[in-house]
Amino acid sequence: MVGLLLITHGHLGQSMLDIVEQAYTNLDLPARTLPIYPDSDPAICVEKARELVKLLNQGDGVLVLTDIFGATPANIAQQLIAENVIILHGLSMPMLFRLFNYPALPLNELLDKAIAAGHDGIMHQP
């Protein structure tokens with residue numbers, strides 16, 4: 001099973017994960033969050049992120065989601081790029097809900113589901 005790591009500004013990732021947990025009685029996709037604050041030491045955060053990836057990787061890889069490309073959480077995530085670790089920027093609630101609907105998918109297919117949910121979750125209502 002793929003692991004999921006959310007690296008975000010402050011408690012954003014945990015707040016989003018909490019909302020998903022309220023909707024599902026059982027989260028079958030192992031997930032953790034790493035909050036990044038303005039005073040966080042990036043080197044320490046990278047080490048924490050590596051530890052979380054090791055914890056989450058049960059052999060099928062880890063999908064790392066960040067909130068904003070180019071920001072500190074994304075820069076920390078970039079340090080994690082390795083075999084079986086994929087980084088996706090632009091975390092959204094539609095992504096998370098879609099991911100937890102498909103906990104048994106392989107890493108690349110889960111990535112496709114997250115990207116599709118991110119696109120499909122943007123709507124304009126006149």
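These numbers were taken from a predicted model, which means no experiment stands behind them. The first residue in the sequence is number 1, and the count goes up from there.
- Under the 4.5 Å side-chain criterion, counting only non-hydrogen atoms from C-beta, V64 is not in contact with I81.
- With V53 as the fixed residue, the side-chain contact (heavy atoms from CB on, under 4.5 Å) test singles out one of N84, V85, L34: V85.
- Between L4 and L96, some side-chain heavy-atom pair lies under the 4.5 Å cut-off.
- Interatomic distance, NZ of K54 versus CG of L80, reported as 11.0 Å (0.5 Å rounding).
- Note: Y24 and F100 have tilted aromatic rings, judged against thresholds of 30 and 60 degrees for the angle between ring planes.
- For the pair L110/L29, a side-chain contact is recorded, criterion being any heavy-atom separation below 4.5 Å from C-beta on.
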(request) Apply the test side chain to side chain donor-acceptor pair (under 3.5 Å) to residues D18 and Q22: give CA-CA distance (whole Å), side-chain angles for both, the deciding distance (0.1 Å), then the verdict. (result) CA-CA 6 Å; D18 289 345; Q22 290 172 13; over 6 Å; no
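- Between H11 atom NE2 and T33 atom OG1 the span is 8.5 Å, to the nearest 0.5 Å.
- Distance CG/L12 to CD1/I36: 12.0 Å, rounded to 0.5 Å.
- Taken from CG in N75 to CD1 in I7, the straight-line distance is 10.5 Å, to the nearest 0.5 Å.
- Interatomic distance, CD of E47 versus CD of Q79, reported as 10.0 Å (0.5 Å rounding).
- Closest approach of G118 and S92 over heavy atoms only: CA-OG, 4.1 Å.
- Taking the side chain as every heavy atom from C-beta outward, M16 and F97 never approach each other to under 4.5 Å.
- When atom types are taken as modelled, the side chain of D28 and the backbone of A104 share no donor-acceptor pair closer than 3.5 angstrom.
- Taking a cutoff of 4.0 Å between a charged side-chain nitrogen and a carboxylate oxygen, E51 and K48 do not qualify as a salt bridge.
- A heavy-atom distance below 4.5 Å is not found between the side chains of L99 and V20.
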(message) Test side-chain contact (heavy atoms from CB on, under 4.5 Å) on I115 and L88; report intermediate values, then the result.
(response) CA-CA 8 Å; I115 292 170; L88 181 61; 3.8 Å; yes
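- When side chains are defined from C-beta on, R98 counts as touching D120, because their heavy atoms get closer than 4.5 Å.
- Put simply, the side chain of L107 reaches to within 4.5 Å of the side chain of L63, judged on heavy atoms.
- For the atom pair N57 CG and L5 CG, the distance stands at 11.5 Å (nearest 0.5 Å).
- Residues I19 and M95 share a hydrophobic cluster, clusters being chains of Ile/Leu/Val/Met/Phe/Trp/Tyr side chains in contact below 4.5 Å.
- Looking only at side-chain heavy atoms (C-beta outward), P30 and M1 come within less than 4.5 Å of each other.
- Note on L56: it clusters hydrophobically with V46, by side-chain heavy-atom contacts below 4.5 Å among ILVMFWY residues.
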